[in-house]
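Here's the structure we're looking at; comments come further down.
Naming: A, B, ... by sequence-line order, numbering from 1 per chain.
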Amino acid sequence: MSIYDTLNERQQEAVYHMDGPVLILAGAGSGKTRVLTHRIAYLIEQKRVNPWNILAITFTNKAAGEMRDRVDDIVGFGSESIWVSTFHSTCVRILRRYIERLGYGNNFTIYDTDDTKNIMKDICKRLQIDTKTLKERTLLSVISSAKDSLISPVEYELKAMGDYTKQRAAQVYKEYQEVLHKNNALDFDDLIVKTVELFKTCPDVLDYYQERFRYIMVDEYQDTNTAQFELIHLLAGKYRNLCVVGDDDQSIYKFRGANISNILDFEKVFPEAEVIKLEQNYRSTQTILDAANAVIRNNVERKEKALWTEKGEGDQIHFRQFDTAYEEAEFIAGEIGKKKKYGKAEFRDCAVLYRTNAQSRILEERFIMEGIPYDVVGGVNFYSRREIKDMLAYLKTIDNGRDDLAVKRIINVPRRGIGATTILRVQEYADARGLSFYDALREADQILSIGKSAAKLKPFVMMIQSFRSKLEYYSLQELMNDIIETTGYVKELQESDEEDAEDRIQNIDELVSKVVAYEDSHDDPSLSEFLEEVALVADIDGVDAEDNRVLLMTLHSAKGLEFPHVYLAGLEDGVFPSYMTITSDDPSAVEEERRLAYVGITRAKEDLTITCAKQRMLRGETQYNPVSRFVREVPGELLDNKPQIFKKKTDFEEYRETPESRARFQTAPYGGNYAGAPSQAADWRPKAVVKPKRTDPENKPFIAQGIGSLAGVAGLSKGAGTKQASLEYGIGDRVRHIKYGEGTVLNIVDGPRDYQVTVLFDKAGQKIMYAAFAKLKKI
DNA sequence: CGTACTAGTCTTTTT
DNA sequence: GACTAGTACG
């Protein structure tokens, strides 16, 4: 009996197919990682392929790590020379060796989103871009998608002909690349783009890697963008032994440039490709798969397939609709508590998935009350916290003086009395002489324009220089401690009365531990390498399966994971699918959300619970949303409760909380607390059990018009923030604004999101404002 | 130059 | 509602 006997026929086919391109369409839970690892083993053991010639690419470090472990287990000796890594780290490794050919230094730094935003702000100021009409964010995403599609600044400029905004963007793009180059920095997209550029301009380098990577495997292939595709295409160009694994139904990264045609058109690019479908699912019950299949069937753009399992039918899917998001959270926490209490599940077996990070807070509050241990994946990345970024900026400055951004970040942190004017003067000096900012600092006494401030710069430069010389014989841990000591960073935090000073210090300690862990796990640790690893971590990478905790995360983060018990929260039209996609005129936007729903459903092994709330706070405003269309796409017989659909205003009235609904809720069977929870849990109430705000001073219900379609209900809201069905004032009416005082309504324009109201205020003059935000009152 | 307050913006999703 | 950038003031 060999290790391959445990594979099903289709899987074996995929494993044994060695030469030439293969596309494995692997449905959720169909054992694709198993196929990949077995394939690697087969290549080495049976085909005598040198492990050194194998490259396996994934998207996250976590996936790479898991693949690595499994390959090590199954292959044993020689497995360490297999190259298993993410797209980004693969490219970094290649660029560290060869980027000099493109005119960058091999010790380039990697800019994260924060850094690029700062750069962009600077550029906009210099090019006098009006950031009211053309936002930094927009420009960055324009540049990013250009890069994802391998469009260079020059090409972009050509395409921009005749379009003023695009021409401006082209200018910015060009400038942006120049700044990055000057700082010897690459952004995330550049890592891929520059590697492709390197391969295209240096045939010898390409040839080297083609020879090296004779067998290439790509996981989550549906998430590749055009640049990544080109990279793979180039690498596999010679031997064409390319095996890609993916599921078009799980393509959820379009916003990041993922090009679904990479998988849909694979056979066009590689006509000799063999296509293998894996449809047997080893993860979930048939009921769960039926639900997933039923939902995804509504998509037009996909390759037909249907998951099936030999597992039994399993339980019905649980569906609950609540009045408020608080009740929803209480239910979920309560259920998980009960499961733990009655030995049905461990905390680590449970995951709560939601559409947006903002939804985690309310769940967290409830989990704390119930005393249920949890971890939130994502949200604010550890490495983007202020104190961590400060520390890293010190390390970057020490490592690479060309990173102006890092130097500017810390030059006055902790305070050294160096202000904006001084920084500006130094920058001018640097620009005039083509120096980096840091090198200009070193010549501070030559910069006449800064006068006596030069004296403040000197100690800073001295300090950095001394860190640099210590780098020779210090360990990274010693260096870190020296920085903390010498700069007095932690000391300042200790003395500050800031509320979160304690957390910050802990985070810095955590960073020190990460430095230590890094040094322990690498043979030849270097500062540059540490910074690089840190730059490429994803949120999911830090998740530790050993901890017995409930995991809370977005649906995006959940891809590739599985749990016995899954809770999908916030299944409401307007939340999931998001308001943005519902109102978008691009129907494929909803399809992408539907794929996300498919991903969510198929995370569950045994037990799936779907919840939603009739009203919830979103962006500080109470919203009323109907049950998600995705729930309505699940056949009724699979659900233990049928979704109620609200069509009429009278139904809608019931959304509001009444004493009865509260009482009903409190005695509800699932409302109980998990045993062992703090006693105050029973009394716990969120800060605002929502009393719908009224825009109407008379406290009358607003006048709803045009309700009768679901779309109408979705757009309705009581408080400010969303478009109302109608306004209480009209043109010519006198109104009062909280800040501008009294005025006369001149005009009202009905827009897609809200009414645009023009008011001539007696004192403040004429203003155009959105009705929902203006909160005008008729007088 | 540094602090404190205010006004505006924003919400999908992330390597 | 939360966060951030910008501004006015000491």
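At whole-Å resolution of the value, CD1 in A/Ile143 and P in B/dT15 are 21 Å apart. Atom NZ of A/Lys117 and atom P of B/dT9 are 13 Å apart (whole Å). As a whole-Å value, the separation of A/Asp223 CG from B/dT13 C1' is 12 Å. When the P atom of B/dT13 is taken as reference, atom OH of A/Tyr598 falls 24 Å away, rounded to whole Å. Here the P atom of nucleotide C/dA5 and the CG atom of A/Asp122 are 13 Å apart, to the nearest Å. The CG-C1' distance, from A/Leu140 to B/dT15, rounds to 15 Å in whole Å. When rounded to the nearest whole Å, the span between CD of A/Glu365 and C1' of C/dA2 equals 14 Å. Atoms CZ (A/Arg616) and P (B/dT11) sit 19 Å apart, rounded to a whole Å.
Annotation: A/Phe199 is not in aromatic contact with A/His233 [ring centroid separation under 6.0 Å not met].
A/Lys135 comes within 4.0 angstrom of sugar-phosphate atoms only, judged by non-hydrogen atoms across all strands, and of no base. Note on A/Tyr253: only backbone sugar-phosphate atoms sit closer than 4.0 angstrom, heavy atoms only; bases stay farther off.
The side chain of A/Lys121 lies closest to C/dA5, out of C/dA5, B/dT12, B/dT13. Each of B/dT11, C/dG1, B/dC1 was ranked by its minimum atom distance to the side chain of A/Arg361; first place goes to C/dG1. Considering only the side chain of A/Arg256, B/dT15 comes nearest among B/dT15, B/dT12, B/dC1. Relative to the side chain of A/Ser578, the nucleotides C/dA2, B/dT13, B/dT12 differ in distance, and B/dT12 lies closest. The side chain of A/Met617 has C/dG1 as its nearest neighbour among B/dT15, B/dC1, C/dG1.
Distances shorter than 4.0 Å separate none of the side-chain N or O atoms of A/Asn225 from OP1 or OP2 on B/dT15. Between A/Thr113 and B/dT14 there is no side-chain N or O to OP1 or OP2 distance below 4.0 Å. At the phosphate of B/dT11, OP1 or OP2 sits under 4.0 Å from a side-chain N or O atom of A/Arg137. Look at A/Thr422 and you'll find a side-chain N or O under 4.0 angstrom from OP1 or OP2 of B/dC1.
A salt bridge links A/Lys389 to A/Asp112: at least one charged side-chain nitrogen sits closer than 4.0 Å to a carboxylate oxygen.
Aromatic ring pairs are classed by plane angle as parallel below 30°, tilted from 30° to 60° and perpendicular above 60°; the pair A/Phe255 and A/His556 is perpendicular.
With centres under 5.5 Å and a plane angle under 30° as the test, the ring of A/Phe59 is not stacked against the base of B/dT15.
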Pairwise N/O distances under 3.5 Å, protein to nucleotides 2-4 of chain B:
from  : atom 1 : to       : atom 2 : distance (Å)
B/dG2 : OP1    : A/Asn412 : ND2    : 3.3
B/dG2 : OP1    : A/Gly417 : N      : 3.3
B/dT3 : OP1    : A/Arg415 : NH1    : 3.4
B/dT3 : OP2    : A/Arg415 : NE     : 2.9
B/dT3 : OP2    : A/Arg415 : NH1    : 3.3
B/dT3 : OP2    : A/Arg415 : NH2    : 2.9

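Taking 4.5 Å as the limit, every side-chain heavy atom of A/Tyr111 sits out of range of all side-chain heavy atoms of A/Asp190. Side-chain contact between A/Leu551 and A/Phe563: present, with at least one pair of heavy atoms (C-beta onward) separated by less than 4.5 Å.
Side chain to side chain, A/Asp189 and A/Ser144 meet the donor-acceptor criterion of an N or O pair below 3.5 Å.
Both A/Thr421 and A/Glu592 lie close to DNA chain B; mapped to their nearest nucleotides by heavy-atom distance, the more 5′-ward contact belongs to A/Thr421.
In this structure, CG in A/Leu140 is found 4.0 Å from CE in A/Met120, a value given to the nearest 0.5 Å.
If you run side-chain contact (heavy atoms from CB on, under 4.5 Å) between A/Phe460 and each of A/Thr487, A/Val407, A/Asn412, only A/Val407 comes through.
Look at the P atom in both C/dT4 and B/dT13: the space between them is 15 Å, to the nearest Å.
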